[in-house]
Amino acid sequence: MKETLEKIKAAAESALNAAADESEIENLRVKYLGKKGELTAVLKQMGSLSPEERPAMGQLVNEAKQKLETLIADKKSRLKSKATELKLKAETIDITMPAKEIKTGGLHPLNHVVNDMIDIFQSMGFDVVDGPEVETDYYNFECLNVPADHPARDMQDTFYLAENLLLRTQTSAAQIRTMENRKPPIRVICPGRVFRADEVDATHSPVFHQLEGLVVDKGITMCDLKGVLEQFAHEIYGSDTKVRFRPSFFPFTEPSVEVDVSCSECGGKGCRVCKGAGWIEILGAGMVHPNVLRCCGIDPDVYSGFAFGIGIDRITTTRYKISDIRLLFENDKRFLEQF
Ligand code: DAH
């Protein structure tokens with residue numbers, strides 16, 4: 001019996017040493033220590049021993065049992081830590097590796113400028129409104145006092161989508177939509193994209209941007225127009241910028257003006273940016289024509305107003321000294337990354 005015990009012990013030890021994973025160990029545990037295990041079988045045979053032999057043999061079997069149990073526990077924990085070690089090795093992060101560059105986008109220069117313009121006008125109490133880029137003839141021309149046969153239409157050669165549907169040539173269309181939906185006092189701006197069938201060159205693009213402004217209330221005069229637009233010019237170009245109002249013509253305003261600012265590059269002496277003029281034209285404006293107010297159901301004998309349309313692309317190119325308007329639309333990253 002002792003011999004059998006020794007044999008079992010030796011076999012179990014070597015099998016355990018060779019075991020490669022937990023399920024093998026578990027099989028061995030069942031094989032030797034389980035209910036029908038080999039060691040258990042030996043224990044069961046104790047009954048056939050004489051009472052003198054029993055205690056010594058019992059001790060041996062118990063020792064063997066304990067030994068095997070410790071071996072199994074050891075082997076299990078060794079396997080476990082080996083597995084952890086392997087896992088850690090496989091998942092090692094090389095912290096010396098250069099990190100992946102995270103690319104964040106930036107604002108397009110036009111958006112920088114629009115945001116600044118919105119800030120300036122909002123601080124003067126203007127709301128921002130939106131208008132559709134596809135407009136009807138009525139909003140883009142007709143109600144703005146530009147009837148079908150008006151020569152002013154020629155200056156805004158237009159993309160027609162259908163007989164009465166076109167890509168808006170001016171954000172002024174938003175004036176009409178606003179006056180239809182709001183009652184005076186009205187103080188709104190509408191920044192947006194406009195379209196004209198223009199040839200592309202350094203200063204022209206068939207797509208460009210305007211910021212429309214409209215104020216309607218009782219007792220609005222040309223002084224309000226001048227004050228607001230001078231304030232705007234000073235905030236966008238600096239407080240020593242000179243502002244010049246020239247008489248002009250727009251069908252939807254009377255009187256009408258065009259507004260120039262002294263060139264921020266040369267201070268008025270004449271340079272490449274202002275093409276030698278010393279002045280840069282930035283907007284058209286005027287007192288809202290009574291016909292326009294009337295068309296929107298606002299009584300011109302009670303209310304008056306002024307309106308303006310600012311060229312956003314022009315403000316952007318002069319502010320950042322961009323020599324060619326096409327750069328704003330080509331989306332060349334080398335250009336855009338500079339802002
Ligand atoms: N819509 C004009 C243009 O595109 C600009 C303009 C002039 C807008 C006078 C106005 C204004 O609101 O009063 O040329």
Side-chain angles (χ1 to χ4, degrees), residues 117 121 124 126-133 135 137-147 150-159 166-180 186-198 203-217 220-230 232-233 243-261 280-293 295-296 298 300 303-315 325:
M117 292 169 79
F121 284 109
M124 290 194 257
F126 284 75
D127 282 349
V128 182
V129 299
D130 204 5
E133 289 176 356
E135 264 300 2
D137 186 275
Y138 178 79
Y139 288 107
N140 195 80
F141 289 126
E142 195 73 35
C143 193
L144 281 164
N145 205 27
V146 190
H150 198 289
R153 289 204 182 202
D154 287 350
M155 286 161 53
Q156 301 191 1
D157 198 4
T158 310
F159 298 107
L166 48 98
L167 296 182
R168 69 177 173 195
T169 63
Q170 48 188 355
T171 44
S172 305
Q175 287 187 32
I176 308 301
R177 290 183 177 274
T178 303
M179 285 189 276
E180 278 183 353
I186 291 170
R187 227 180 318 176
V188 295
I189 51 169
C190 173
R193 219 166 1 181
V194 297
F195 308 84
R196 291 184 196 174
D198 278 345
T203 53
H204 291 88
S205 161
V207 182
F208 58 104
H209 302 81
Q210 292 184 330
L211 183 137
E212 193 77 15
L214 174 71
V215 173
V216 182
D217 201 354
I220 298 291
T221 71
M222 197 87 181
C223 291
D224 300 300
L225 178 156
K226 281 193 77 178
V228 165
L229 294 178
E230 261 170 18
F232 164 73
V243 184
R244 178 169 84 170
F245 292 79
R246 279 182 291 110
S248 184
F249 172 81
F250 299 102
F252 33 89
T253 44
E254 181 60 35
S256 304
V257 290
E258 272 171 310
V259 178
D260 306 331
V261 292
I280 296 165
E281 184 194 322
I282 57 163
L283 64 92
M287 301 306 293
V288 181
H289 198 290
N291 286 352
V292 175
L293 292 174
C295 178
C296 300
I298 295 175
Y303 293 102
S304 56
F306 68 88
F308 52 89
I310 307 174
I312 298 174
D313 311 80
R314 177 66 68 84
I315 305 260
I325 193 178

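Just follow the structure's listing: the first ligand is 1, and inside any ligand the first atom is 1. The figures that follow rest on heavy atoms only: side chains count, while hydrogens, waters and symmetry mates do not.
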S.K.: Looking only at distance, does F250 have an N or O less than 3.5 Å from an N or O of ligand 1?
M.R.: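 The answer is no, given that F250 and ligand 1 share no N or O pair closer than 3.5 Å.
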S.K.: With heavy atoms of R196 as the reference, note each atom of ligand 1 found under 4.0 Å away.
M.R.: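 Numbered from 1, ligand 1 contributes 3 (C), 4 (O), 14 (O).
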S.K.: Which of the atoms in ligand 1, numbered in the order shown and given with their element, are less than 4.0 Å from a heavy-atom of S172?
M.R.: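 Those qualifying, in numeric order: 1 (N), 8 (C).
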S.K.: Among all protein non-hydrogen atoms, which one is nearest to atom 8 (C) of ligand 1, and what is the separation to 0.1 Å?
M.R.: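 Looking only at protein heavy atoms, the one closest to atom 8 (C) of ligand 1 is G309 N, 3.3 Å.
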S.K.: Kindly state whether the ring of F121 and the ring of F308 have centres lying under 6.0 angstrom apart.
M.R.: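 Yes, the ring centres sit under 6.0 Å apart.
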S.K.: If you count the non-hydrogen atoms of other residues, nucleotides and ligands that lie under 6.0 Å from CZ in R187, is the total more than 12?
M.R.: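 Open: at most 12 neighbouring heavy atoms sit under 6.0 Å from CZ of R187.
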S.K.: Tell me, please, whether F208 has R196 positioned over its six-membered ring: NZ or CZ under 6.0 Å from the ring centre and within 45 degrees of its axis?
M.R.: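 Geometry flag: not set, cation outside 6.0 Å or 45°.
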S.K.: Starting from atom 11 (C) of ligand 1, what is the nearest protein heavy atom, named by residue and atom, and what distance separates them?
M.R.: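 Residue, atom and distance for the closest contact: F252 CE1, 3.5 Å.
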S.K.: Under 4.0 Å from any heavy atom of G286, which atoms of ligand 1 are there?
M.R.: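 Close to G286: 13 (O).
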S.K.: Nearest to atom 1 (N) of ligand 1, what protein heavy atom do you find, and at what distance?
M.R.: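 Its nearest protein heavy-atom neighbour is Q170 OE1, 2.7 Å.
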S.K.: Quick check: does any side chain N or O of R168 sit under 3.5 Å from a backbone N or O of R193, one acting as donor and the other as acceptor?
M.R.: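 Yes, because the side chain of R168 sits within donor-acceptor range (under 3.5 Å) of the backbone of R193.
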S.K.: Check the side chains of Q210 and Q170 for a donor-acceptor pair under 3.5 angstrom, ignoring hydrogens and angles.
M.R.: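 Side chains of Q170 and Q210: no pair found under 3.5 Å.
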S.K.: Is it the case that more than 12 heavy atoms not belonging to R246 sit under 6.0 Å from its CZ atom?
M.R.: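 Result for CZ/R246: enclosed.
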S.K.: Using a strict cut-off of 4.0 Å, indicate which atoms of ligand 1 neighbour a heavy atom of Q175.
M.R.: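 Taking each heavy atom of Q175 in turn, ligand 1 has 12 (O) under 4.0 Å.
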S.K.: Using a strict threshold of under 4.0 Å (side-chain N to carboxylate O), is an ion pair present between R244 and E281?
M.R.: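 No salt bridge links E281 with R244.
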S.K.: Please could you name the atoms of ligand 1 that T253 approaches to less than 4.0 Å, counting only its heavy atoms?
M.R.: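 Within the 4.0 Å cut-off of T253, ligand 1 contributes 13 (O).
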S.K.: Residue-level breakdown please: for A285 versus ligand 1, do any non-hydrogen atoms fall below 4.0 Å on the side chain, on the backbone, on both, or on neither?
M.R.: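 Under 4.0 Å from ligand 1, A285 contributes backbone atoms alone.
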S.K.: Are any non-hydrogen side-chain atoms of R314 and L283 less than 4.5 angstrom apart?
M.R.: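 The answer is no, as the side chains (C-beta and beyond) never meet within the 4.5 Å cut-off.
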S.K.: Under 3.5 Å, N or O to N or O, is G284 touching ligand 1 that way?
M.R.: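 No - when backbone and side-chain N and O of G284 are compared with those of ligand 1, no distance drops under 3.5 Å.
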S.K.: Does the pair C296/C143 show an SG-SG distance of less than 2.5 angstrom?
M.R.: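 No, no disulfide: SG-SG not under 2.5 Å.
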S.K.: Using a 4.0 Å cut-off to any heavy atom of Q210, which atoms of ligand 1 qualify?
M.R.: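 Selected atoms, number and element: 3 (C), 4 (O).
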S.K.: For atom 12 (O) of ligand 1, which protein heavy atom lies nearest, and how many Å away is it?
M.R.: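 Protein heavy atom at minimum distance: E212 OE2, 2.5 Å.
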